[in-house]
Amino acid sequence: FDADRKKGEFNTPAHQQVTYDVASEAMVLLKNEENLLPIDKNKLKKLLVVGPNADLKHAAGGNSSGIMAYYEVTPLQGIRDRLSDICEVEYESGSIGLTYQPIPVQMLNIIDQVAGCRAYKHVVYTKQENGEVAENVSFLENGNVTEGTANAYDIVVSAQIPESGRYSLRFYTNGNAVVKICGEEHVKLQANGREQEVTCAFDYTEGDKVDIEIHLERVKEVVNFQFGWITPADYANSSSESELLRKAGEADYVIYCGGLDHSYDTESFDKKSMQLPSEQDVMIPKLLKVNPNTILVMTAGSPVTMPWIKE
């Protein structure tokens with residue numbers, strides 16, 4: 001309303017510097033025995049970067065306070081930008097073997113404008129004593145149902161494809177399930193209390209929107225359902241444990257970027273434990289054993305246990 005009001009601005013270099021300064025000063029150094037940090041770049045010839053958060057972007061927007069960043073530099077990219085001209089920088093995901101994982105919430109689209117969050121929408125149908133069917137809607141971090149006692153479930157999720165390539169999807173249940181992908185029925189499971197699974201693969205292009213609708217029915221006392229995918233990055237980055245440990249032993253330093261992502265640090269549901277997911281607590285001691293010059297960088301929005309902290 002003020003005609004003399006100064007015109008606003010956003011995402012300026014000054015703003016970006018403040019954001020960088022805040023992030024830098026928010027870091028906490030928990031332990032630095034034998035002054036391992038800072039790294040002496042003059043003695044650095046080979047560096048191995050490992051871990052689930054090394055090449056993962058977190059600022060994908062959504063939920064009540066999610067931010068869609070104009071740009072985001074992953075630890076791996078930042079390390080390569082700073083050090084590639086003076087040493088060899090190798091990368092391993094640290095994920096041993098290929099397993100089907102839920103689509104991470106940061107790769108989901110908002111499917112309910114009222115809830116406004118990136119999540120799997122679960123509609124639970126329970127038959128009441130009077131014969132009426134009650135509906136309950138919730139938004140969860142994955143599309144799984146464990147020991148479900150309701151009569152039926154609808155699970156809806158919409159994913160944004162992060163990179164071009166082949167994606168493998170797996171659906172498992174001991175009930176009956178029908179799966180539609182982008183409006184077409186692709187999977188029909190008639191398990192009738194027995195365990196049954198189906199896998200299928202699709203070629204997608206970066207930026208594709210993939211809508212998945214699942215209708216699940218319980219046929220015995222409880223129903224279980226699991227849904228996950230393997231991405232092109234999973235195929236490319238899956239590590240051989242022996243090869244990973246060999247590279248770690250040969251490196252001057254190992255930087256392990258672990259912790260949590262928004263599949264765990266989110267709202268509307270509780271974490272089942274404070275343990276690090278994806279066998280991180282198994283891999284970290286092995287890296288520390290083969291290379292004492294291992295630096296652990298934990299990114300998490302909530303507390304986690306560190307059983308290896310004294311090693």
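Looking at Gln280 and Pro52, their side chains come closer than 4.5 Å, going by heavy atoms from C-beta outward.
Just one residue in the list Leu189, Thr199, Asn224 forms a side chain to side chain contact (heavy atoms under 4.5 Å, CB included) with Tyr172, and that residue is Asn224.
Of the possible donor and acceptor atoms, one in the side chain of Asn53 sits under 3.5 Å from a partner among the backbone N and O of Gly258. Not one N or O on the side chain of Arg118 forms a donor-acceptor pair closer than 3.5 Å with the backbone of Val105. In this structure, the side chain of Glu9 does not engage the main chain of Lys7 through any donor-acceptor pair within 3.5 Å. Judged by distance alone, with hydrogens and angles left aside, the side-chain atoms of Gln160 form a donor-acceptor pair with the main-chain N or O of Gly207 at under 3.5 Å. A donor-acceptor pair is defined here as one N or O able to donate and one able to accept, closer than 3.5 Å; no such pair exists between the side chain of Asp81 and the backbone of Gly78. Although no hydrogens or angles enter the test, the distance criterion places no donor-acceptor pair under 3.5 Å between the side chain of Asp40 and the main chain of Leu44. Distance alone, capped at 3.5 Å, is enough to place a donor-acceptor pair between the Glu163 side chain and the Ala233 backbone. Formation of a donor-acceptor pair under 3.5 Å by the Thr231 side chain with backbone atoms of Asp234 is found in this model. In this structure, Asn32 contributes its side chain and Leu37 its backbone to a donor-acceptor pair below 3.5 Å. Distance alone, capped at 3.5 Å, places no donor-acceptor pair between the Asp154 side chain and the Val123 backbone.
Atom-to-atom distance recorded for Lys127:NZ and Arg218:CZ is 11.0 Å, nearest 0.5 angstrom. The CG atom of Leu108 sits 11.0 Å away from the CD atom of Glu141 when rounded to the nearest 0.5 Å. With rounding to the nearest 0.5 angstrom, the OG1 atom of Thr305 is 5.5 Å from the CG atom of Asp281. Note that the NZ atom of Lys57 and the CD atom of Gln106 stand 12.5 Å from one another [nearest 0.5 Å]. Considering OH of Tyr253 and CG of Asn293, their distance stands at 5.5 Å, rounded to 0.5 Å. Atoms CZ and CD, on Arg82 and Gln77 in that order, are 12.0 Å from each other to the nearest 0.5 Å.
With sequence neighbours excluded, the residues forming a salt bridge (charged side-chain N to carboxylate O under 4.0 Å, His left out) with Arg170 are Glu197, listed by chain and number. Residues meeting the side chain to side chain contact (heavy atoms under 4.5 Å, CB included) test with Thr19, sequence neighbours left out: none.
Taking all atoms of both residues into account, the shortest heavy-atom contact from Glu241 to Lys286 is OE2-NZ, 2.7 Å. Of all non-hydrogen atoms in Tyr91 and Leu48, the two that sit nearest each other are N-CD1, 4.2 Å. When all heavy atoms of Cys87 and Leu47 are compared, the closest pair comes out as SG-CB, 4.4 Å. For Thr126 against Ala150, the heavy-atom pair with the smallest separation is OG1-CB, 3.6 Å. Pairing each heavy atom of Leu216 with each of Ala177, the nearest pair is CD1-CB, 4.1 Å. The minimum heavy-atom distance between Asn109 and Lys209, with the atom names listed, is ND2-CG, 3.6 Å.
Between Phe202 and Tyr167, the ring centre distance reaches or exceeds 6.0 Å.
Using modelled atom types and a 3.5 Å distance limit, the side chains of Asp21 and Ser24 yield no donor-acceptor pair. In this structure, a donor-acceptor pair under 3.5 Å is present between the side chains of His215 and Glu217. With no hydrogens or angles considered, a side-chain donor-acceptor pair links Thr99 and Gln101 at under 3.5 Å.
By the 6.0 Å contact criterion, CZ on Arg246 is enclosed, its count of non-hydrogen atoms from other residues, nucleotides or ligands being greater than 12.
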**Report entry** side chain to side chain contact (heavy atoms under 4.5 Å, CB included) evaluation trace for Ile214 with Val157
**Finding:** CA-CA 9 Å; Ile214 301 158; Val157 65; 5.8 Å; no
**Report entry** Criterion side chain to side chain contact (heavy atoms under 4.5 Å, CB included) on Trp308 and Leu296, from CA distance to verdict
**Finding:** CA-CA 11 Å; Trp308 28 261; Leu296 305 177; 3.3 Å; yes
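Phe225 and Val198 fall within the same hydrophobic cluster, where Ile, Leu, Val, Met, Phe, Trp and Tyr residues are linked whenever their side-chain heavy atoms come under 4.5 Å apart, directly or through other members.
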